[in-house]
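So you know, we letter chains A, B, ... as the sequences are listed, proteins then strands, and number each from 1.
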Amino acid sequence: MIEIGGLGSKMCRAAKFLRFLQGCNSMDRLRKIHAQVLLHGYQDHPDVSDKLLSFCATSAAGNLSFARLLFSRLPHPATNHWNALIRGAARGGVPLHAISDYNVMMRRASSRPDAFTFAFLLKACALAKAKSKCRESHASIVRSGFSSHVIVGTNLVRAYADNGFISEARMVFDEMPEKDLVSWNSMISCYCHAGVHDDALKVYDEMRLAGVGLDEFTAVGLLSSCAHLGALNFGVWIHKFAEENGFLRRSLFVGNALIDMYAKCGSLDKAHRVFDGMRRRDNFTWNSMITGLGIHGHADEAISLFERMLMAGVQPNSISFLGLLMGCSHHGLVEDGLKYFQLMSSAYNIKPDLKHYGCMVDMFGRAGKLDKALEFINDLSCKDDPVLWRTLLNASRIHGNLEMGEIAIQNLVKLSAHNAGDCALLSDIYEHAGDGEGVSRMRKMVKDQGIKTTPGWSWIEIHGKVRKFVVGDTSHAESKEIYKKLKEMISKADSLGYAKETSKISEKDHSTVKWLEKYVDDGADYHSEMLAIALGLATTPEGTSLRIVKNLREYGLKNSGFTGLCEML
DNA sequence: TAAATCGTCC
């Protein structure tokens, strides 16, 4: 009795609906298609209803609540229907709904979760910062036998990392029986986001050992870490590799990351060359170059690049202005800084955030306008942020302004945000003012209140490898040479009689020696940057540029024997 | 038929 013709036409009509859906680009149109589906009784046709649901849940033209409505009419929702709902909620900015949908699915227990379910659920856990759900999902994944699934595993790594569980992420990654390039890239990007850049670069070493190649995603992650670690040589290697493999043509990200890397490593001319060579530029491209110039105090160039950006029709955003403000503050252009600070909200409707305020305080402070800086902070609604007071404290130290330094630390204390670094800064001001009592008061404060010191690390890239140092580090294979070199440096400093004959050495040399003495006097535990420098001097030929990066500060110098130490850049 | 990785800001 079933008419073949009828069935055939039914299939044709279903196919037609699906075609309509593919071309559907608005909710209005979607409703019309849905009305037609209902009119012709196709709401239960599996192809049509599945497609309709997933389209509503995940397409830009779709609508989540409409998807829910369709879902609620399914008498026996299958796993893929649940998946569509969870995926849609996760992508649609309501990750908590995705999680509760998953919970309902489990409670009903009529359909089992599959790899897709977990992939979407983990995405939601990452977005919602759902820490405990993240662990719980991990357990469910193991229980239901999906723990060896590559994509589920990769998502789990990401979910843990986005929730701040970096070592858990790493553990999951290590236990994955099968990893693909995306898994490796995810691990690198997790370390990048967590700011653990030396570990990011280490992942690359492991990739090489595992015989895994790299693509533009890998390159972008590694370049970002190179930028933070000052690993210029490795960055140059990636640049070469990217050029040979067409990464630059394929991805704007790679060019942008290269600009950032070169700029942060101090090679502004090479950053500019990459910038000039790019066929296409987006606001990241412009911003990377502007902030690169800004960080290094090239305010005029940053400003003219900003003007060029406007001419090119690219909209500036808050980071463009941050780059400009950094340039102005590092170059003492208070007037220009103020102008752009006002321009950002008046002409571009961009609300300044804490970082912009911090730049302004820094700008006034560096320029010696400490009263103006204080007034500026007091006018802010976010004046309870320690960063602002710390910036003021630093400016007070630069200008030896004891009174303002005390105001700054009082506010930090009031916010219970004062750390050992702050006390050291104020102690420095007391010392310069010849106030020995102030110095010991600071020392006592650190001791009595048990204020924690932030551990300082230093990195140096030698022969393409990034090496990390902590205070008094003896963990390196070259430890002997390092300490030998240090002793050599110290005795040379002594024999040259720096302290006594200051007239013979330039201002720059003098400050370097003061810097050296300060660390040497601290006793047996040599500071991390001293150890890094010693290794650099001991293991590179003369004339090699050495870049030492600290988590607290940055130095550059050239190896030309010991005297090279005086060429601090 | 569904899925996962990328950049500028301290």
Those residues at least two apart in sequence (or on a different chain) that pass side-chain contact (heavy atoms from CB on, under 4.5 Å) with Ala119(A) are Asn155(A)
Practice item. Could you tell me whether Asp362(A) contacts a base, only the sugar-phosphate backbone, or nothing, with contacts defined as non-hydrogen atoms closer than 4.0 Å? Key: nothing
Ser189(A) near the nucleic acid: base, sugar-phosphate alone, or nothing, with a heavy-atom cut-off under 4.0 Å?
-> sugar-phosphate
By salt bridge (Lys or Arg N to Asp or Glu O under 4.0 Å), Asp199(A) pairs with (sequence neighbours left out) Lys202(A)
One pair to check against salt bridge (Lys or Arg N to Asp or Glu O under 4.0 Å): Lys133(A) and Glu136(A). What are the steps and the verdict? CA-CA 5 Å; Lys133(A) 194 65 191 174; Glu136(A) 196 191 306; 2.8 Å; yes
query: Any chance the rings of Tyr348(A) and Phe321(A) have centres within less than 6.0 Å?
result: yes
ask   = At under 4.0 Å between heavy atoms, what does Phe118(A) touch on the DNA or RNA strands: base, sugar-phosphate, or nothing?
value = nothing
Rounded to whole Å, the CG-P distance (Asp114(A) to dT1(B)) equals 14 Å
Whole-Å distance, Asn287(A) CG to dC6(B) P, equals 19 Å
- Using a heavy-atom cut-off of under 4.0 Å over every strand shown, decide if Met187(A) touches base, sugar-phosphate, or nothing. nothing
Note: contacts of residues 135-159 of chain A with DNA chain B (heavy atom, under 4.0 Å) are His149(A), Ile151(A), Thr154(A), Asn155(A), Arg158(A)
Leu252(A) atom CG is separated from dC6(B) atom P, nearest whole Å, by 16 Å
Note to self: Looking only at side-chain N and O atoms, does Tyr262(A) offer a donor or acceptor that is under 3.5 Å from a partner on His239(A)?
What the structure shows: yes
Note to self: Please classify the nucleic acid contact of Lys51(A) as base, sugar-phosphate, or nothing, using heavy-atom distances under 4.0 Å.
What the structure shows: nothing
Q: For Leu322(A), report the nucleic acid contact type (base, sugar-phosphate, nothing); a contact means any heavy atom under 4.0 Å.
A: sugar-phosphate
Check your understanding: Would Phe253(A) count as stacked on dC6(B) if the rule is ring centres under 5.5 Å and plane angle under 30°?
Key -> yes
Exactly one of Leu70(A), Asp44(A), Val48(A), Leu21(A) clears side chain to side chain contact (heavy atoms under 4.5 Å, CB included) with Val37(A), and that residue is Val48(A)
- Message: Students often get this wrong, so: under 4.0 angstrom with heavy atoms, is Asp180(A) touching a base, only sugar-phosphate, or nothing?
- Response: base
Separation of dC10(B) atom C1' from Asp260(A) atom CG, nearest Å, is 13 Å
Regarding Arg158(A) and Ser189(A), do their side chains bring together a donor and an acceptor under 3.5 Å, going by distance alone? yes
Just N and O in the side chain of Lys179(A): are any of them under 4.0 Å from OP1 or OP2 of dT5(B)? no
Taken to the nearest whole Å, NE2/His197(A) to P/dC10(B) is 13 Å
Between Gly195(A) and Thr218(A), whichever has its closest DNA chain B nucleotide further toward 5' is Thr218(A)
note: His228(A), atom NE2; dC9(B), atom P; distance rounded to Å ~ 6 Å
Taking dT8(B), dA3(B), dA4(B) as options, the one with an atom nearest any side-chain atom of Ala115(A) is dA3(B)
Rounded to whole Å, the CD1-P distance (Ile295(A) to dC10(B)) equals 7 Å
Can you see if the side chain of Lys355(A) gets near the phosphate of dT8(B) - specifically, an N or O under 4.0 Å from OP1 or OP2?
no
Leu293(A) atom CG is separated from dT8(B) atom P, nearest whole Å, by 17 Å
Side-chain atoms of Ile319(A) come closest, of dC6(B), dT5(B), dT8(B), to dT8(B)
Q. Using a cut-off of 4.0 Å on non-hydrogen atoms, how would the nucleic acid contact of Asp353(A) be classed: base, sugar-phosphate, or nothing?
A. nothing
(message) Tell me whether Phe116(A) and dA2(B) count as stacked here, given that the ring centres must be under 5.5 Å apart and the planes must differ by less than 30 degrees.
(response) yes
task = Name the orientation class of the two ring planes belonging to Phe306(A) and Tyr340(A) (parallel below 30°, tilted from 30 to 60°, perpendicular beyond 60°).
result = perpendicular
Check: dA2(B) base within 3.5 Å donor-acceptor of Asn83(A) side chain:
yes
For Leu121(A) and Ile86(A), the nearest pair of non-hydrogen atoms, with its separation, is N-CG2, 4.1 Å
